[in-house]
Every structure is written in structure tokens, then in C-alpha cells.
Number of protein chains: 2
Amino acid sequence: MTDTLLPAGENAGDDEFEVRCGIPDVIRDDLVQIGGIAGLRARLPPAERIGEISATHHALSDPVRVAILHLLSVQPLCVCVIRECMGISGSKLSYHLNILRENGLIVSEQQGNWMIYRITERGGMFAEAG
Amino acid sequence: MTDTLLPAGENAGDDEFEVRCGIPDVIRDDLVQIGGIAGLRARLPPAERIGEISATHHALSDPVRVAILHLLSVQPLCVCVIRECMGISGSKLSYHLNILRENGLIVSEQQGNWMIYRITERGGMFAEAG
DNA sequence: CATCTATTTCAAATTATTATGAAATGCATA
DNA sequence: TATGCATTTCATAATAATTTGAAATAGATG
């Protein structure tokens, strides 16, 4: 990354890469069209958005959580019913419910002794899609 | 789970649970309508399908992989261009490309010295959605 | 107030995922 | 065949996620 045929500038490094790299023509031609490496980068969602997207997918990356989401897409449920339905320990269930809630896929509301969980609109979209 | 008011049968355990559990009326009434715990379970996708869903989400649960998918939604790319664009090591990139490929979100094709990755139709759906 | 039930929290142990750098593979070309 | 380049593989280290069981919290009820 020291010698380059191109004038120094904001994207000098990228242009230099494209010049030096002997990648297949089909790819390079299109790449040049869209502005090279810099153009490619510019088409990425901002890092913050990418973080949000991966976080949501992470929330649904465990079969227990996918199952919970589907149960709640049927109707709102208290913890003890979810627990009975899935046959897992209370603390384990609580752990997974937290992750779904933190990611805005479900919400909870206390009702006397019980905690009622229900799916959000956002959560519903993922339950339908899956 | 020993004494129950109901006849023994396939779902005796579940019915017993519903009878004993003093969950809020709003929830229990609906729950009874759909067939209780057993009815709820019957509405879940099969375990196999839930595994597939969570596996796909897992493939997209890392920001590096989400970024790669978005890059490939612009155009097919060889590894060296993705690498330059993201500024990560080759072995790290290879690791993440493998996960995306194993989950059917991208495919690869060798072209001389280069390996060209392109997004699949399935992968494209997730790139659009995100 | 004492007790029961439902749920959550916590710390520790277990397991899974990701990162790293060196070595290996495979194609191209002199 | 020797060399160079692009990519992958491998073993290992580092980090993160999940499970577990005991203890804590909080509402309801006698």
C-alpha cells in the first residue's frame, strides 16, 4: 500500500487495491461501475443498523426462544403455562424470556401473582415469517 | 402430578395441570378454547422446523455475517474484495463465509485462482428484510 | 404476620462461538 | 517443476452464551 498510480485522496487506498488486484473481469467491471471498494462500503447499512439486525437474529437463534415466540403468537400466556408446555426449568425460561423482551419481541405485564407475556407486533412479524 | 379429578388418558397430565393451576381467567378461558396445554403444543411447528428457523437466525446473528450478506446483495464478489472491504483477516472471513454457505444464504464457485461468492435467493430475502 | 405460589436473580459450571496465526491446499504461470 | 497468489484448514486461545440449582423477591391469602 505504498506505491500507487493514483493521486492521494480519501479513497486512495481502495483505488490502489482495485488497480493492483487481478480479480476476474466480470467482477471488477461491475465493481468499478458502482464506485469500487468505496462504493461497495457506501452501500452497507451503517454499523449501528447492522448491529441491530444481528442482535434481533441473535434473539431468535435459540430453539427455545423460537418456540416461546410461537406459543405467544397463539395467545398471551403466563410463565407457568409456558413452562409446563415446554418442560424446562423456571430459571431457564426466565433467562430466555428476558432475551426476547430485551429485543422487543415480547412484553410482560404483571397480573396479581402472575406475569403475563404477550407477543409484540414486531415479534409477530418474525413468528409469521418463521 | 399424582391426584387428578380427570380420567387418565393421553393428556391427563396437561388437563390436571390446567385444573390445578389458578392462572388468570382471561388466559385460562382462551387456553381451554384451544385445547389447553396440549392444544398449545399442537400449534407449535415441529421441533425439526424450529431447529431450522433458529439455525438460520443463528447464521445471521453476527454483525460480520450480516455485513457480508449485504455486500453480496450488491454483486458477486471474490474473497479478496470482501476482505479489503471489511478489513478482517482471511481466516476470519473464511470462517464466516462457511457459516453463511452452510446455511444456504450464499454459494461459492471457483474461478481460476479466485473463489467467487454470490448471494442465494434465500439469502436475498434476508438481506432485503434486514 | 406467616405462609404459599409464581417468578426472577445470582454465581458457578458447562458448553458454544469466535479470533488468531501458522501451515496447508490448489490454481496459474514462468 | 518452482514460484506466487488466493483461499482454506487447523489447533489453540479468548470470549460469549447457556444451564443449573439455590436463594431472593413479591403478590395473595389465611
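Computed from heavy atoms alone, side chains included, the values below leave out hydrogens, waters and symmetry copies. Residue numbers start from 1 in every chain, and the chains themselves are labelled A, B, ... in the order their sequence lines are given, proteins ahead of strands.
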Starting the side chain at C-beta, find the nucleotide from [options] nearest to [X].
X      : options               : answer
A/K92  : C/dT7, D/dT19, C/dT8  : D/dT19
B/S91  : C/dA6, C/dT17, C/dG21 : C/dG21
B/M115 : D/dC5, D/dA28, D/dT7  : D/dT7
B/D62  : D/dA17, C/dT18, C/dA6 : C/dT18
B/V79  : C/dC27, D/dT8, D/dT20 : D/dT8

Using a heavy-atom cut-off of 4.0 Å across all strands, would you classify [X] as base, sugar-phosphate, or nothing?
X     : result
A/I99 : sugar-phosphate
A/S94 : base
B/G90 : base
A/I82 : nothing

Comparing A/Q111 and A/S61 on DNA chain D - which has the more 5′ nearest nucleotide: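 By nearest-heavy-atom nucleotide position, the 5'-most residue is A/S61.
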
Can you check whether [X] has a side-chain N or O nearer than 4.0 Å to OP1 or OP2 of [N]?
X      : N      : value
B/R65  : C/dT18 : yes
B/Y117 : D/dT8  : yes
A/H58  : C/dT17 : no
B/H96  : C/dT17 : no
B/N98  : D/dT9  : yes

Worked verdict on B/R122 versus B/T56 for side-chain hydrogen bond (donor to acceptor under 3.5 Å, both in side chains): CA-CA 10 Å; B/R122 190 169 131 70; B/T56 299; 2.8 Å; yes

Over 12 non-hydrogen atoms of neighbours within 6.0 angstrom of CD in B/E121: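 Not more than 12 within 6.0 Å, no.
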
